[in-house]
Amino acid sequence: MKSARRRLVQDIRALERRLRRDWSKEAPPLSEELRVYRQSWLSTLSGPTRAASALELNLALETGDPLLVGDYHALRRARSGLRNLVKELPRDRLPGLLLELLPHDITVRAKDAIQRTDLRLVDGRPVAEAYGPSLRLLAQRQGLIAGAWVDGPPEERDRAAAERWRSLQQDCPDRRWLLFFGDWHLAEDHLPRLLRERGGHPTMLHQSPEPIWERIKGDAGERILDLGAGHWAWLHTPPLAQWASTLQEISQDDPEAAAEATEELIEALAGQLTQALRLPDPGNRPSVWPTSLWPGFHATLPADYRRGFVADRPPAAVVFHPTLPAIWAPGTPGLNQLVEAAGHVIACDYPLVERGRLHGRLCARAFRRIWASMLNPFLRPTSLAEAARSLFPDASRRPRLENVGALLRAWAEGERPYLSPQQRLLAVEVLGARAGSALAESRSTDHPFVEKFLKSGGRSLGWEELTATIRAA
């Protein structure tokens with residue numbers, strides 16, 4: 001049993017390596033100038049590392065002035081990491097946030113930036129949308145937002161950013177600045193050296209740098225590493241997520257092109273996943289419906305499923321069609337959603353898709369979550385409140401959570417209380433995901449189990465076993 005389980009894990013790890021290799025080839029080639037610029041970053045990360053604690057990192061962040069944090073521009077998780085860092089900024093001085101992608105001549109109060117719809121980054125994103133959680137924390141502490149972007153090669157942008165920081169320090173000596181820049185700018189010979197030459201004592205925090213991941217043996221969970229000379233690495237996002245975000249970000253100015261790029265990623269994932277699971281190639285091609293097409297997607301849903309949603313108020317979560325290899329995506333799906341979409345495409349070839357009953361839909365949800373859990377060690381269970389907010393942005397359509405919680409607990413224990421259409425959606429999303437996460441860790445989940453699960457329409461996972469899996473999760 002253990003050896004069969006080990007073979008499945010090995011095949012999933014091989015799938016991850018193949019995808020990273022293939023997707024890295026699809027990114028636009030670097031110019032010679034950028035290749036040389038990137039090499040300095042690789043050199044900075046090539047030295048010895050030491051495992052460190054969160055306390056050690058916090059002490060380094062407290063003493064660094066300024067803080068220089070790596071931003072993987074295409075990755076939402078990097079910006080959520082920024083929020084956590086802003087929250088931990090010492091209280092001895094007022095905070096400031098210097099953004100690489102905000103034009104050089106802009107300085108604005110954080111509380112005003114939250115309200116301004118005209119304040120945009122150079123890539124077109126509204127500042128309030130891209131950095132909303134961080135701005136709200138800064139606004140509570142009278143924080144400032146400033147820009148550093150100038151047109152020109154990266155070396156020129158480094159010099160302009162260092163000068164901008166020195167000017168801000170002179171104008172606002174009571175503030176401590178956090179600089180949020182693309183990860184290559186954190187190379188020791190780039191922005192850190194220029195800041196030191198202007199009187200700074202920076203601490204550099206690299207967020208999930210791929211070269212560090214390549215050197216880690218075994219399971220790569222969240223880690224903090226001391227790289228020496230004021231450089232630290234915080235590993236919180238797998239490299240596969242970074243490549244998926246990069247390839248989707250290429251076409252974000254064109255929703256139809258972005259949806260097409262997402263379809264290609266899902267198709268590649270589905271093909272690679274069937275190879276890893278030793279199944280025939282998928283017989284279906286995925287279709288991705290962008291945000292503007294929610295009314296049309298909603299109309300294609302089966303009647304009982306459709307009643308759980310609102311035609312004119314789309315959810316904030318990705319929605320998988322219960323019987324077709326179709327996905328509605330409000331924005332750019334992350335790695336978890338892409339992997340689940342690949343699992344959905346595979347399932348549509350098998351009896352598992354015949355899931356009109358709640359038990360069948362929960363099994364299909366569990367099947368999708370297995371692979372997202374195995375490919376992303378940072379995936380955490382969605383809470384009932386989070387699921388309710390994402391599925392039902394219209395609060396008037398949202399079930400009362402205290403009642404739903406009791407019903408779902410009873411349902412997970414094997415009782416069969418009546419659930420409304422909205423409660424059924426919550427049951428599938430929350431309990432199905434928990435069951436899938438538990439199955440991803442189960443010793444019984446191997447290649448034969450997966451094939452039987454798909455071909456039996458989920459009946460191989462009986463009600464008693466299913467509820468036990470949910471309780472364990």
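Nothing fancy with the numbering, it's 1 onward along the sequence. Note that this is a predicted model, so its numbers are computed, not measured.
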[X] side chain to [Y] main-chain N or O, any donor-acceptor pair under 3.5 Å?
| X | Y | answer |
| --- | --- | --- |
| His206 | Leu227 | no |
| Glu267 | Glu264 | no |
| Glu100 | Gly182 | yes |
| Glu56 | Ser53 | yes |
| Asp226 | Arg50 | no |
| Thr49 | Leu225 | no |
| Gln423 | Val404 | no |

(request) Apply side chain to side chain contact (heavy atoms under 4.5 Å, CB included) to Pro314 and list each qualifying residue two or more places apart in sequence or on a separate chain. (result)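 Applying side chain to side chain contact (heavy atoms under 4.5 Å, CB included) to Pro314 gives Trp294, Trp328.
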
(request) Could you list the residues that satisfy side chain to side chain contact (heavy atoms under 4.5 Å, CB included) with Glu441, not counting sequence neighbours? (result)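 Checked Glu441 against side chain to side chain contact (heavy atoms under 4.5 Å, CB included); zero matches.
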
(request) Only counting residues at least two apart or in another chain, list the ones meeting side chain to side chain donor-acceptor pair (under 3.5 Å) with Arg306. (result)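 With sequence neighbours excluded, Arg306 shows a side chain to side chain donor-acceptor pair (under 3.5 Å) to no residue whatsoever.
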
Is the shortest side-chain N to carboxylate O distance from [X] to [Y] below 4.0 Å?
| X | Y | answer |
| --- | --- | --- |
| Glu429 | Arg361 | no |
| Arg6 | Asp446 | no |
| Glu386 | Arg389 | no |
| Glu451 | Lys455 | yes |
| Arg409 | Glu415 | no |

[Y] and [X], any side-chain heavy atoms less than 4.5 Å apart:
| X | Y | answer |
| --- | --- | --- |
| Pro282 | Leu273 | no |
| His298 | Pro295 | no |
| Arg397 | Asp394 | yes |

What pair of heavy atoms forms the shortest contact from [X] to [Y], and how long is it?
| X | Y | value |
| --- | --- | --- |
| Gly64 | Thr203 | CA-OG1, 3.2 Å |
| Leu419 | Ala427 | CD1-CB, 4.1 Å |
| Ala388 | Arg398 | O-NE, 3.7 Å |
| Ala387 | Thr382 | N-CG2, 3.7 Å |
| Tyr350 | Pro280 | OH-CD, 3.5 Å |
| Arg141 | Val86 | NH1-O, 4.1 Å |

(request) Report the C-alpha distance between Ile327 and Thr262 in whole Å, list the side-chain angles of each, state the deciding distance to 0.1 Å, and finish with yes or no for side chain to side chain contact (heavy atoms under 4.5 Å, CB included). (result) CA-CA 10 Å; Ile327 303 100; Thr262 302; over 6 Å; no

Quick one: [atom1] on [X] to [atom2] on [Y], what's the gap to the nearest 0.5 Å?
| X | Y | atom1 | atom2 | result |
| --- | --- | --- | --- | --- |
| Leu8 | Arg278 | CG | CZ | 8.5 Å |
| Thr445 | Leu439 | OG1 | CG | 4.5 Å |
| Ile370 | Leu375 | CD1 | CG | 12.0 Å |
| Asp71 | Leu99 | CG | CG | 8.5 Å |

(request) Tell me, with the steps shown, if Leu179 and Phe181 meet side chain to side chain contact (heavy atoms under 4.5 Å, CB included). (result) CA-CA 6 Å; Leu179 282 59; Phe181 278 67; 3.8 Å; yes

(message) I need the full list of ring pair (Phe, Tyr, Trp, His ring centres under 6.0 Å) pairs touching residues 256-293, with sequence neighbours left out, sorted by first then second residue.
(response)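 As it turns out, the ring pair (Phe, Tyr, Trp, His ring centres under 6.0 Å) pairs with a partner in residues 256-293, which skip direct neighbours, are Trp289-Phe297.
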
(request) Determine which pairs satisfy ring pair (Phe, Tyr, Trp, His ring centres under 6.0 Å) with at least one residue from residues 417-450, sequence neighbours left out, and list them in order. (result)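 For residues 417-450: Phe449-Phe453.
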
(request) Please report the C-alpha distance between Trp234 and Glu222 in whole Å, then the side-chain angles of each, then the deciding distance to 0.1 Å, and finally whether the side-chain hydrogen bond (donor to acceptor under 3.5 Å, both in side chains) criterion is met. (result) CA-CA 8 Å; Trp234 175 23; Glu222 184 169 359; 2.8 Å; yes

(message) Quick one, His321 with Thr300, criterion side chain to side chain contact (heavy atoms under 4.5 Å, CB included). Give me CA distance, side-chain angles, the key distance, then yes/no.
(response) CA-CA 8 Å; His321 197 287; Thr300 69; 3.3 Å; yes

(message) I'd like to check the ring pair (Phe, Tyr, Trp, His ring centres under 6.0 Å) partners of Tyr305; sequence neighbours left out, ordered by chain and number.
(response)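 For Tyr305 the ring pair (Phe, Tyr, Trp, His ring centres under 6.0 Å) partners, ignoring immediate neighbours, are Phe309.
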
(message) Are more than 12 heavy atoms, taken from residues, nucleotides or ligands other than Gln142, located less than 6.0 Å from that residue's CD atom?
(response)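 Count not over threshold, so no.
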
(message) Arg109 vs Leu144, test: side chain to side chain contact (heavy atoms under 4.5 Å, CB included). Steps then yes/no.
(response) CA-CA 4 Å; Arg109 294 184 301 177; Leu144 287 182; 3.8 Å; yes

